[in-house]
Structure formats: C-alpha cells, structure tokens
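Lettering follows sequence order; numbering is per chain, from 1. Just so we're clear, the structure is a prediction, and the values are computed from it rather than from any experiment.
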Amino acid sequence: MSLDGSDSANKPSNFIRHIIDDDLAANKNAGKVHTRFPPEPNGFLHIGHAKSICLNFGVARDYQGLCNLRFDDTNPSKEKQDYIHAIQEDVKWLGFDWEERLFYASDYFEQLYQYALELIDKGLAYVCDLSAEQTREYRGTLKEPGKNSPYRDRSVEENRDLFKRMRASEFVDGSRVLRAKIDMAAPNMNMRDPTLYRIRHGVVHHQTGEEWCIYPMYDFTHPISDALEGITHSLCTLEFADHRPLYDWVLDNISIDCHPQQIEFSRLNLQFTVMSKRKLTELVDEGHVDGWDDPRLPTIAGLRRRGYTAASIVEFCERIGVTKSDNSVEMGMLESAIRDDLNTNAPRRMAVLNPLKVVIENYPEDKVEQLSAANHPQNEAMGSRSVAFSREVYIDRDDFREEANKKFKRLVLGKEVRLRYGYVIRCDEVIKDAQGEIIELRCHYDENTLGKNPEGRKVKGVIHWVSAQYALEAEIRLYDRLFNHPVPDSSKDGVDYHQRLNPDSLQILSRCYIEPALADAAPGERFQFEREGYFCLDSASSDKIVYNRTVTLRDSWEKIEEEMSEG
RNA sequence: UGGGCCGUCGCCAAGCGGUAAGGCAACGGGUUUUGAUCCCGUCAUGCGGAGGUUCGAAUCCUCCCGGCCCAGCCA
C-alpha cells in the first residue's frame, strides 16, 4: 500500500509484467499490449485456467490493452460445442469481457491452408507417407538424432499436388501428413520435421462441420492465429517452452507482418486435487463425481456451485503470483481467499446440522417471541432479521456434554449457556432412550438475560439454535478433499490416482434444521451459518432445500480438543 | 556435455550489486453474545552447495547438487 494513495503499488509484480514494461519503454509493438486466452474446448475450465485468465485479461486491463477469447479448436475428435458454452460462461462469471473479440482457430483454416502452401512453395514443407509408427522410429530419441524421411525431397510440384489432394479427400486417415522441413538432427525434438497437418475423416467439427478432412496441428496453428489477431504477448505454460523455436520458425518463414512474443509461466498445482483435463474427464465419465460442476472438483463450475465467489478466485490468483518455478499450492490458500470474501459479505444465519431437541420447561407452550438478530456482527448496514423463539428448540449434539471441564464453553448438564441472540438456559435433565442415547434435554431459561448478562454469574458459552416449531428442514452436504494424498497423480510410487480418492469426500446430512428466514433464499445465495461455516443454497436442487458447505470457519477449538485428548 | 526450464521460511512469493517485502500456515496475547471476525506481537545473520569477483553478493562468474518438461498424425 503506497502512502500517497495511488494504487500502483497494489498492481501485481511479476516477470511477465517486467518484460511488458521493458517492451513499452522500448516502444515495441507501437506501445500496444494485446493478449489472448486460448482454451481447447475439450472440457470444463479449472482453477489453473483461472490463473491464465486472470493473467491474460489482467495484463490487458492494466496496460490499457485488449484480450481475446479464442477457442483452439484444431482437434475435432476431442471437442464439443457444450464445452464452448461452458467456457464462455465461466470466463464471464469470473468477471472478464472479450467484448467482440471471440475467435476460433477454425476461423483461420483457409488462411492456414494458404500459409501451408507457401511453406511448400518455399521448399519448407513436404508431404510424408510414413506411418505414425515409422515416423516415430525416424524421429530418433532424446539423445540420438533422427533420420530424414524418404519423402523429404519430393518436388514442390508433387508436394503441392499431394497436399491439395489431401484436402480433396483423396487419402485415408494416417496415410499421409504435411511436415515442416527443418532438421531431423535438432537437439530439440519439436524441430525434427514436425507434423503440420493430419487427415481426419468421419468427424464433424463443431464449427466447420464436414468442410475439412485435414486439420492443422497446434504448433502450426497457434503462432499464425496469434499473429492474425495482432497478439503482442502470447502467454502460455512452461511445457510449451520447447515449442517456442517452432513458433518462431513458422512466423519467420511465412509472409505475415506480426510476430508475437511467446512467454511461458508455470502452471498451477493445487494440493489434494488433480488438474489435468484427462483426469478430470475420467472422474466425470467414470462417475466418481457428479458431473463437471461437482462441488468437489477444482473446476470453475464446481467451485461456483460449492459457493466460491468469482472475486475470491481472482484474489487467490493474485495471491499465488506468476513465476516460472514449480509450485504446489496448499488448499489453505484458496480457503483463506473465500473466507475473507464471505466473512465480510455473507449474511449470518443459524442452522443446526445434528439436531438435539431442547425443551425449555419454564417457557409457556403457546408463546412465540420474534427475536432480533443482526445479519452481520460488524456491519450494521446489512440489517437484521427476526428469529422465532419457542418452548422447544434444536441445538447441535456437539454443543452438549453431560460432563466436561471448563474448557468446554458449551452446554453441560447442570450448567448454563447462552442461546445466541436469545436467553441463557440451564440444563436440568438428560432424557435417553433404551440404548442410552441422548434424545432430549430439559432446560430452564432465565427471562432476564435477553440482551444482557445474567446477574451474579458469568456465562461464557454461546451456542446457536433454531425453533423446533418454526425451523425448516434441509439437506446439508459437507465436502472434504476429493483425494487423500497431496499429489494424487504423483508418479513417484507408482500408485494410480484412483486409489487415492477420498471415500469420505461427500457427507450428506439429511435432517438438518435451518432458521425460518432462510425460506426465501435464492439458489446460489451464500450465508455464514454461525459457528459452522459458509454455505450456499444449491442451484441444482428444486424439490428440497439443499445447502452446500463452501468452507468451514477457522476452528481453534478443534486444536484444543486434540491437545486435551492427547493428554 | 541430448535440448529446454527451475531451486529465497512448512506453502506461495517480492527482490534485478547497497546489506532478506508481503500473503497463507503456525505460535503467543487482547477484544468479542460466532472457540469466527478484528487488533497487537513472534516467525530466514539466511537465499540448493562450494569456491571466486567486489568496499559490499540472494543478485555477477565458475564448478557441483537437486527438481520439472520434451521422442502425439494431442493441446
């Protein structure tokens, strides 16, 4: 925070912004900044994509530049229109706007084809008849150079003819590809005559239908798409660093007057979850989770349904920063971001998750009081609501013990506790069933304790409650980490990530009681259930009330309890 | 000696030759009708290691150690 009140000190500082600062200082790109977010529509976006979105759109915003949304749709066999809709929803929900700049790599198929012809004409690309397997053999290994394809020296005329016939559907899948003619002995594998085009029959492309049977590869498409859109800084993840020489090669060898700069940053790794599209797709397809928006998934849709706000995700992305180092971010980082947001913005309510009936014997049976409860303890502007109080209420089973030491600041047999926003009560009797399980508490209340402390004694504990008569019944879903290993897909010990799924990642409490003011909550609306955590009204359930727990409150009692049990 | 990239607190991360920011976590203490929030305080003589250059090194040089990525007609 700067003392002069300017907000420049709050802008993120990272190596990419340094590069841009230098470019601007040197008047590169005529002082313009233009980025793009280029997902392949083969799945839902996840928190790792959010990092890229915040980076690309954030940089554009802070440098008065532009950021495009572009679907990198060059492999129709993996892509779906459904994903295109979902991705746009997620980017918008995060708060970013590509305005009129929505593009598809497939928009450029014809231009790409013409550039391929140009490479052929320059003797820099050739049609190769090697099978996929042969191509692999010819490529060599990491330490040994490859060898030239026998088709490498075909004439320009023959290459033109063959490539046009590839497009004209004359050849079957896998029979031929178009390759760049670079260097089969290059130490960088990507430069060993990479494939530029492959043949794909029998797939309907979600944008171009059956117009094409040849599809350009990423390495050929990406630099050209960037250049055609006037991108200045092409930001991507680290695994593409080895592709940069090829990115540059393509642009250096075709007639195009724009040459974006590719800059790589490290992808986000979040502990106790997986982030690869392949694994997320498997979790969904194999039914380990309930769809792409399952609240346990690190997808944007999952986090949204879980109750995460867009602001908290953006804040999280700012906190983790952008570097080139490998990282393994703790879940606590994400949780802290959403707690910060919800602590200041979520109205408070009371809900009892594991109900235990309490009968207040000295409270008249037909009496009902509407007690006033502030919606937020630190923000009066959020107003208040009334909470019905009656002779029978529910409290949480965890808030009662027959005997306990003084560290237990809740209800104990023979002792007092305050009902939040209400009276102090004393427990006089415990009713048990035949199995010895507690089924009901008999209590007395002190009518002089509403809004004031009792006279002559201190009551430290405060517990939440709901009126048995006026409470609403609800289902509450508690989520835990999806995996029980910090790096579920670690290849270190040869264990498959499926074996590290946490069997207790979802706990459903079907008979919870929530306060009557929650009757008119809207789907997706978020609340703090006092002393329990932050919850969000599920957006996909209609026949019953379902709340998802977004995150718990910080809990120092848990630690005290552990220490006591350890002795 | 295949090529590329990276090592700053338990996690994330500033730092760009002038003497180790910040956040998360943790640990003390205060306020509190949420064991929440909030507030105050503690938390790297040390920057993967060893040498060297320099008045001065996390920053420059050398060597070493460790980690990640690359052999799709995926992106």
Side-chain angles (χ1 to χ4, degrees), chain A residues 12-15 18 38-40 42 72-75 77-78 128 130-132 135-137 139-146 173-179 186-192 194-200 215 217-219 221-222 236-245 264 266 268 271 277-278 316 318-337 339-340 343-344 348 350 374 376-378 407-410 418-422 424 449 451-453 459-464 528-533 552-561:
Chain A
S13 166
N14 60 53
F15 78 100
H18 290 327
E40 183 189 14
N42 65 346
D72 226 329
D73 56 347
T74 56
N75 185 3
S77 46
K78 285 187 171 179
C128 181
L130 252 27
S131 68
T135 303
R136 194 187 327 125
E137 286 162 10
R139 189 154 32 229
T141 69
L142 293 176
K143 295 190 177 179
E144 301 157 34
D173 287 16
S175 60
R176 288 178 224 268
V177 293
L178 182 73
R179 293 227 254 166
N188 182 340
M189 301 295 282
N190 295 117
M191 300 300 269
R192 321 247 261 227
T195 299
L196 265 23
Y197 270 88
R198 75 287 214 183
I199 301 171
R200 283 284 174 281
Y215 289 94
M217 300 286 288
Y218 165 86
D219 282 311
T221 309
H222 209 84
C236 62
T237 43
L238 240 31
E239 66 272 24
F240 292 101
D242 286 342
H243 296 241
R244 189 180 349 119
E264 310 86 19
S266 58
L268 166 65
Q271 293 182 1
K277 282 260 188 81
R278 192 203 102 214
F316 168 75
E318 271 173 25
R319 289 183 190 182
I320 59 172
V322 178
T323 68
K324 300 182 77 149
S325 25
D326 293 329
N327 58 75
S328 182
V329 177
E330 294 173 346
M331 272 293 181
M333 280 276 207
L334 226 203
E335 293 174 348
S336 165
R339 283 193 187 109
D340 278 2
N343 173 49
T344 73
R348 305 301 99 136
M350 292 195 289
H376 194 291
Q378 279 89 32
K407 279 191 175 173
F408 186 78
K409 304 193 301 182
R410 308 179 187 188
R418 177 178 290 283
L419 294 179
R420 170 125 248 225
Y421 306 118
V424 167
T449 54
K452 54 188 173 193
N453 289 324
V459 175
K460 267 210 298 203
V462 180
I463 63 174
H464 57 96
Q528 182 195 97
F529 289 169
E530 293 199 64
R531 304 207 313 127
E532 292 289 358
T552 60
L553 257 27
R554 283 183 70 224
D555 185 5
S556 56
W557 164 243
E558 199 173 47
K559 276 168 218 158
I560 297 168
E561 224 178 0

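- In this structure, A:R179 reaches neither bases nor backbone, as no heavy-atom distance under 4.0 Å exists between it and the strands shown.
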Practice prompt. Decide salt bridge (charged side-chain N to carboxylate O under 4.0 Å, His left out) for A:R244 and A:E264; before the verdict, give the C-alpha distance in whole Å, the side-chain angles of both, and the deciding distance to 0.1 Å.
Written response: CA-CA 9 Å; A:R244 189 180 349 119; A:E264 310 86 19; 2.7 Å; yes

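- Side-chain atoms of A:T221 come within 3.5 Å of backbone atoms of A:M217 as a donor-acceptor pair (strictly under, hydrogens ignored).
- Atom P of B:U1 sits at a distance of 13 Å from the matching atom of B:C63, rounded to the whole Å.
- For the residue pair A:N75 / A:S77, a side-chain donor-acceptor distance below 3.5 Å is found, with atom types taken as modelled.
- Here, B:A14 and B:G46 have their C1' atoms 16 Å apart, quoted to the whole Å.
- Positionally, the nearest nucleotide of RNA chain B for A:L238 lies more toward the 5' end than for the other of A:L238 and A:V462.
- Counting any heavy atom pair closer than 4.0 Å across all strands shown, A:L130 reaches a base atom.
- Nucleic acid contact class of A:E558 (heavy atoms, under 4.0 Å, all strands): none.
- Heavy atoms of A:T74 sit under 4.0 angstrom from primed sugar atoms or phosphate atoms, though from no base atom.
- Using bins of under 30°, 30° to 60° and over 60° for the plane-to-plane angle, the ring pair A:H243/A:Y218 lands in the perpendicular bin.
- Residue A:M217 is in sugar-phosphate contact alone, with no base atom involved, counting any heavy-atom pair closer than 4.0 Å across all strands shown.
- Straight-line distance between the P atoms of B:G67 and B:G48: roughly 16 Å, to the nearest whole Å.
- Under the Watson-Crick or G-U wobble criterion, with both distances below 3.5 Å, B:A21 has no partner in any strand shown.
- Remark: the backbone N or O of A:T552 is paired with a side-chain donor or acceptor of A:R339 at under 3.5 angstrom.
- With sequence neighbours left out, the salt bridge (Lys or Arg N to Asp or Glu O under 4.0 Å) criterion links A:R531 to A:D399.
- Rounded to whole Å, the C1' atom of B:A71 lies 36 Å from the corresponding atom of B:C47.
- Formation of a donor-acceptor pair under 3.5 Å by the A:R139 side chain with backbone atoms of A:M189 is not found in this model.
- In a base pair of the Watson-Crick type (N1 to N3 plus N6-O4 or O6-N4) or a G-U wobble (N1-O2 and O6-N3), with each distance short of 3.5 Å, B:C63 is matched with B:G49.
- For B:C61 and B:U53, the P atoms lie 15 Å apart once the distance is rounded to whole Å.
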Discussion item. The test is side chain to side chain contact (heavy atoms under 4.5 Å, CB included); show your working for A:H222 and A:C236 and say whether it passes.
Written reply: CA-CA 11 Å; A:H222 209 84; A:C236 62; 6.0 Å; no

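- With a cut-off of 3.5 Å on both Watson-Crick or G-U wobble distances, the partner of B:C68 is given as B:G4.
- Base pairing of B:A44 is not made with any nucleotide, judged by Watson-Crick or G-U wobble geometry with both donor-acceptor distances under 3.5 Å.
- Side chains of A:T135 and A:R179: no donor on one and acceptor on the other come within 3.5 Å.
- To the nearest whole angstrom, the two C1' atoms, one in B:A44 and one in B:C55, are 25 Å apart.
- A:H464 comes within 4.0 angstrom of nothing in the nucleic acid, heavy atoms only.
- First and last contacts of RNA chain B with chain A, using any nucleotide atom under 4.0 Å from a protein heavy atom and ordered 5' to 3', fall at B:G2 to B:A75.
- Heavy atoms of A:R418 sit under 4.0 angstrom from at least one base atom.
- Residue contacts shown for A:Y421 include a base, since a base heavy atom lies under 4.0 Å away.
- Atom name P, nucleotides B:A21 and B:U45: the rounded distance is 12 Å, in whole Å.
- In this structure, A:K78 reaches the bases: a heavy-atom distance under 4.0 Å links it to at least one base atom across the strands shown.
- Nucleic acid contact class of A:T344 (heavy atoms, under 4.0 Å, all strands): none.
- Using a 4.0 Å heavy-atom criterion, one finds that A:F529 contacts no nucleic acid atom at all.
- In this structure a side-chain-to-backbone donor-acceptor pair under 3.5 Å is missing from A:T449 to A:K452.
- As judged by a 4.0 angstrom heavy-atom cut-off over every strand, A:G174 is placed among the base-contacting residues.
- Each of A:I560 and A:V322 was matched to the nucleotide of RNA chain B holding its nearest heavy atom; the match closer to the 5' end belongs to A:V322.
- Nucleotide B:C16 has no partner under the Watson-Crick or G-U criteria, as no pair reaches both atom distances under 3.5 Å.
- Across all strands shown, A:F240 has heavy atoms under 4.0 Å from base atoms, whether or not it also approaches the sugar-phosphate.
- Pair assignment for B:C38: B:G30, on the basis of Watson-Crick or G-U wobble contacts that are both within less than 3.5 Å.
- A syn orientation is assigned to B:G72, its glycosidic angle lying within 90° of 0.
- With P as the reference atom, B:C69 and B:A58 are 31 Å apart, rounded to whole Å.
- Among the heavy atoms of the strands lying under 4.0 Å from A:E330 is at least one base atom, whether or not backbone atoms are also near.
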